[in-house]
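Throughout, protein chains are lettered first and strands after them, A, B, ... in sequence-line order, and every chain is numbered starting at 1.
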Amino acid sequence: MNTTADAIIIGGGIVGAACAYYLSERGLAVHLIERDFPASGTSRACDGLILQWDKLPGAELSLGLASQKLWRDLAAELDAEIGFEQAGTIFLAEQADQMEAGKEKANALSASGQRAEVLTPGELRELEPELALDLAGGVLFPDDLQVDPRRATLAMLAAARRRGARITTGEAVLNFQRAPGDNPAITGVITPGGSIAAAHVICAAGVWSAEITQLAGLSLPIRPRKGHILVSDIRPKKIHHPLLEGGYATTVQLAAEDVQVALVAEMTASGSLLLGSSREFAGFDRRVSLAVIRAIAQRAARFLPHLAHSSVIRSYAGLRPWSPDHLPLIGPCEQAPGFYLASGHEGAGIGLAPITGKLIADWVTGAALPPYANAVLPDRFDPIKGSKTNVLI
Amino acid sequence: MTQQMILESIEINDQSVQASAGQSVAAALLAAGVRIFRHTPEERAPRSIFCGMGTCFDCLVTIDGIPNQRACMTRIQPGMRIRTIPNEND
Amino acid sequence: MKTTDLAVIGAGPGGLAAAITAAQAGLRVTLIDESPRPGGQYLRGTGRQATQSIPRAEQRTRAFLQQLPHPHIDLQTGTLVWGIDDRTLALHGPNGNFNLQAEQIIIATGGRELVPPFPGWTLPGVMTLGAAQILTKEYGLLPGKRIALAGSGPLLLAAASALLAKDARIIAILEATHPGAWLPHVNALWGNFNRLLEGNAYLRTIQRHKIPYRFGQTVIQATGKGQLEYIVTAKLDPRGRPVPGSEKEIAADTLCLGFGLIPNTELAQLAECQHEYSTTRGGWVPARDKYLQTSQPGIYAVGEAAGVGGADMALMEGQIAALAITRRFNQIPALQRQLRPLRRFAVMLNTLFAPPLALNTLASDETIICRCQEVRAGEIRQAVRQGNHTLGGLKNSIHIGQGQCQGRTCGPLLTRLIASQTHEPPEAAGQFRPRPPLKPISLGALAQEQRP
């Protein structure tokens with residue numbers, strides 16, 4: 001069956017859902033295609049922290065701050081429980097040099113209007129009595145947010161649906177429809193259910209975006225960067241803020257390459273504790289590495305000794321869509337008019353989903369764009385073949 | 001299988017109890033007349049032993065201060081302190 | 001790191017038979033079990049009974065057990081296998097964490113009981129047949145004062161017999177199937193006369209105690225304040241649906257339930273063995289070749305973990321796998337011949353006593369299905385109506401299967417709920433994907449450096 005839409009979104013994770021949300025808000029007829037089920041990919045294999053202090057001042061931080069505001073609006077607008085909390089986060093400094101790094105981040109963020117409070121070891125332990133006694137201190141960022149990524153994805157999709165968006169699940173995009181002749185424009189997609197014609201096709205397929213863009217004859221520098229999470233059952237609650245280790249203190253030697261491990265601890269609404277994190281390139285392998293989860297457990301026990309008695313119930317691995325310059329790819333592709341990218345967010349996908357959706361909506365509707373929109377244009381990888389003159393890693 | 005008649009002193013909810021050596025914590029609780037092992041986190045529903053073999057995780061009690069221990073998979077030891085999870089709304 | 005020629009996981013009949021058979025050929029074997037003593041759930045539920053004779057399978061299992069300690073077998077009890085990476089096992093035992101690198105692995109992790117849910121099934125006092133047997137036989141403790149048993153299959157009578165040996169007051173035994181359904185299966189009894197005799201012995205015991213033993217009936221509700229006080233029984237029509245108007249309320253403080261076993265496949269799944277769905281073998285089972293090797297070279301699966309079939313079959317299979325591993329192939333055909341009638345018998349029992357899908361209608365929308373996370377049937381049925389027809393899809397749209405039991409209890413129930421709603425075959429619902437740790441271990445244990 002052949003149908004039409006104003007905009008097609010490929011991918012039903014949090015970024016795709018945000019695109020659907022903002023595009024449908026502007027009155028466009030949206031059709032989102034998800035090959036599995038909503039939030040079945042990275043959006044349900046990650047933590048839900050929305051940080052600003054991990055972003056470099058400039059385009060990255062501007063994106064982050066704009067998105068933070070949108071998350072606050074969304075929490076009010078979405079008619080569903082999305083686990084939204086202004087939990088703040090605490091940057092933990094194990095050694096003095098990390099403390100210096102923390103203070104730098106505090107200064108950078110204060111300059112942008114975000115609150116930041118440098119903490120002595122005593123002040124740190126007052127906020128978090130369960131922390132080990134020998135840390136160098138920390139920094140509290142009270143404006144950081146937390147959300148349940150899965151619920152938020154489903155809520156945005158539900159809202160989009162109410163505004164007339166069509167959402168197809170269990171179907172993959174088989175190919176693109178092209179304009180006739182030598183015209184490189186993309187005019188729609190072909191799925192097992194039929195073709196859908198649209199003037200705007202947005203790829204929000206996360207780590208699988210490269211598969212999609214290949215159909216359009218473009219290659220993409222987005223690579224999967226694997227992370228692990230442990231889930232621990234802790235009652236009563238033992239920590240009050242999400243806690244993050246400031247640096248990669250631990251490296252796990254695996255056969256393929258070194259894996260970087262740094263503590264991230266986040267309480268969920270249901271009372272379980274998510275413990276991460278790890279970073280490695282392992283292709284699309286989502287098997288849980290026993291050595292890595294051991295290392296995460298060790299970091300957790302180092303910072304929170306009493307956690308030793310909590311039960312680790314399960315673990316999982318997710319794939320972050322890594323981009324070579326640590327900035328996402330958001331916007332139109334000159335090589336394929338009508339085609340847009342909304343991917344490559346690495347570990348910031350949850351936080352940056354709303355601003356991504358809004359920027360895509362701005363691009364599609366021809367609205368005015370903020371200055372930082374340029375920095376995330378896909379065509380900075382020119383042509384989108386994986387190389388760039390200034391690659392920041 | 002012959003029954004051991006050696007008794008060990010344990011504590012159930014701060015009360016001293018004599019229990020047969022080698023028993024599981026679940027058996028010791030039931031023998032002491034304690035049928036309700038915990039109340040669930042959300043609805044405070046009472047739970048007790050169900051599968052008896054360590055797969056259902058319903059029989060969770062606190063043993064020597066450590067929560068979430070399967071009563072059916074843990075043997076009693078002399079001096080063990082067992083706590084069931086009360087219904088805080090009672 | 002510790003190494004071994006053969007790691008056998010599970011020291012029940014299958015695992016014991018495998019370990020001893022392999023050790024006899026000189027292999028270094030590590031035999032691992034989560035329980036403090038070997039013998040599996042099978043021996044926990046055996047011992048002195050009200051019947052006169054000891055079943056053959058129990059005799060053979062004890063014969064294997066008596067060969068421990070064995071110079072070639074490193075017995076690790078109270079030890080959990082919580083992860084696997086290729087052929088390296090992650091273990092947690094009484095002395096802490098350690099890894100074990102095995103040349104070959106035999107998975108003999110047994111099975112667990114299936115209990116279709118109904119209103120009140122989570123009340124204290126409601127438990128499985130296995131739980132009742134363990135309390136009675138292993139600890140000499142009667143689970144209650146007015147005990148009802150309900151379910152289907154041979155375990156029902158075995159549990160009743162165990163309880164009667166301790167002078168339990170059993171007020172009713174309810175077999176959900178109809179005897180008329182048994183007639184087509186008579187030919188499967190050929191070669192299984194000893195099992196028939198066991199069943200007969202249990203029956204005589206029950207008749208002697210004058211206990212109401214009803215066919216085509218089950219419990220449809222359990223009520224009580226804080227614990228079980230009453231059960232409601234009902235007759236079932238030939239399709240397993242409660243007959244309106246047949247309900248009876250009976251005072252009971254204990255209800256023991258069991259409708260057959262589900263294979264414990266979590267380790268085989270984590271090891272990425274291919275699985276297939278078999279209604280005659282208890283559901284999802286690992287695919288195996290004729291030597292019981294799974295799709296993963298060097299990993300074998302035997303006993304209930306690979307298909308429900310009783311201790312006799314587990315003993316045979318344990319031996320076959322060990323003989324294959326030790327390359328004594330000429331000894332295998334004789335065992336395979338003995339296995340055939342056992343398989344036929346198992347298929348008959350599993351078919352005959354399979355709980356009818358209609359039992360899934362017993363759960364009202366308020367009935368808890370996921371016991372760990374307290375998710376009710378209504379929420380699940382709604383999610384299925386919204387198009388979530390797989391366990392993965394359900395787990396994605398509602399919070400389910402992510403508690404301490406990691407879907408062991410609710411997984412088979414969800415499969416049946418989905419099938420009864422969608423009318424698709426049960427295998428279409430897929431499986432939960434196990435991840436390490438296979439059972440919860442403390443963070444401290446996980447963080448521990450490995451023993452050298």
Practice item. Determine, step by step, whether B:R70 and C:K439 satisfy the side chain to side chain contact (heavy atoms under 4.5 Å, CB included) criterion, reporting the C-alpha distance in whole Å, the side-chain angles of both residues, the deciding distance to 0.1 Å, and the verdict. Key: CA-CA 11 Å; B:R70 289 171 289 172; C:K439 285 189 181 168; 3.6 Å; yes
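- A distance-only check finds no donor-acceptor pair linking the side chain of B:S48 to the backbone of C:G125 [under 3.5 Å].
- With contacts defined as side-chain heavy-atom distances shorter than 4.5 Å, the pair B:I49/C:L135 qualifies.
- With hydrogens and angles disregarded, no donor-acceptor distance shorter than 3.5 Å links the side chain of C:Q404 to the backbone of B:F57.
- Both the backbone and the side chain of C:R112 come within contact range of chain B, each with at least one heavy atom under 4.5 Å from a heavy atom of that chain.
- Between the side chain of B:R75 and the main chain of C:P36, no donor-acceptor pair closer than 3.5 Å is present.
- Within the 4.5 Å cutoff, side-chain heavy atoms of B:R35 are placed close to those of C:T254.
- Contact of C:Q227 with chain B is made through the side chain alone, with heavy-atom distances under 4.5 Å.
- Residue C:L142 does not touch chain B at all, counting heavy-atom pairs closer than 4.5 Å.
- C:N264 approaches B:M53 most closely through the heavy-atom pair ND2-CE, 4.4 Å.
- Taking CD from C:Q41 and SG from B:C51, the interatomic distance works out to 8.0 Å, rounded to the nearest 0.5 Å.
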Practice item. For the pair C:V115 and B:F50, evaluate side chain to side chain contact (heavy atoms under 4.5 Å, CB included) and give the outcome as yes or no after the intermediate values. Key: CA-CA 10 Å; C:V115 177; B:F50 179 69; 4.0 Å; yes
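- To the nearest 0.5 Å, atoms CG (B:L60) and SG (C:C372) are separated by 8.0 Å.
- Of the listed residues (B:P46, B:A45, B:G52), the greatest number of heavy-atom pairs within a distance under 4.5 Å of chain C belongs to B:P46.
- Heavy-atom contacts from other residues, nucleotides or ligands closer than 6.0 Å to CD of B:E11 number more than 12.
- In this structure, no portion of B:I66 lies under 4.5 Å from any heavy atom of chain C.
- Residue C:L141 comes nearest to B:A27 through the heavy atom pair CD2-O, 3.3 Å, listed as atom of the first residue, atom of the second, then distance.
- Between B:E43 and C:R376 a salt bridge is recorded (basic side-chain N to carboxylate O distance below 4.0 Å).
- By number of non-hydrogen pairs under 4.5 angstrom with chain C, the leading residue of B:S24, B:C56, B:C72, B:A28 is B:S24.
- The existence of a salt bridge linking C:E374 and B:R44 is excluded, since no basic side-chain nitrogen approaches an acidic carboxylate oxygen closer than 4.0 Å.
- Between C:T409 and B:T55, the shortest heavy-atom distance links the atoms OG1-O, 4.0 Å.
- Side-chain contact check for B:R47 versus C:R371: some heavy-atom pair is nearer than 4.5 Å.
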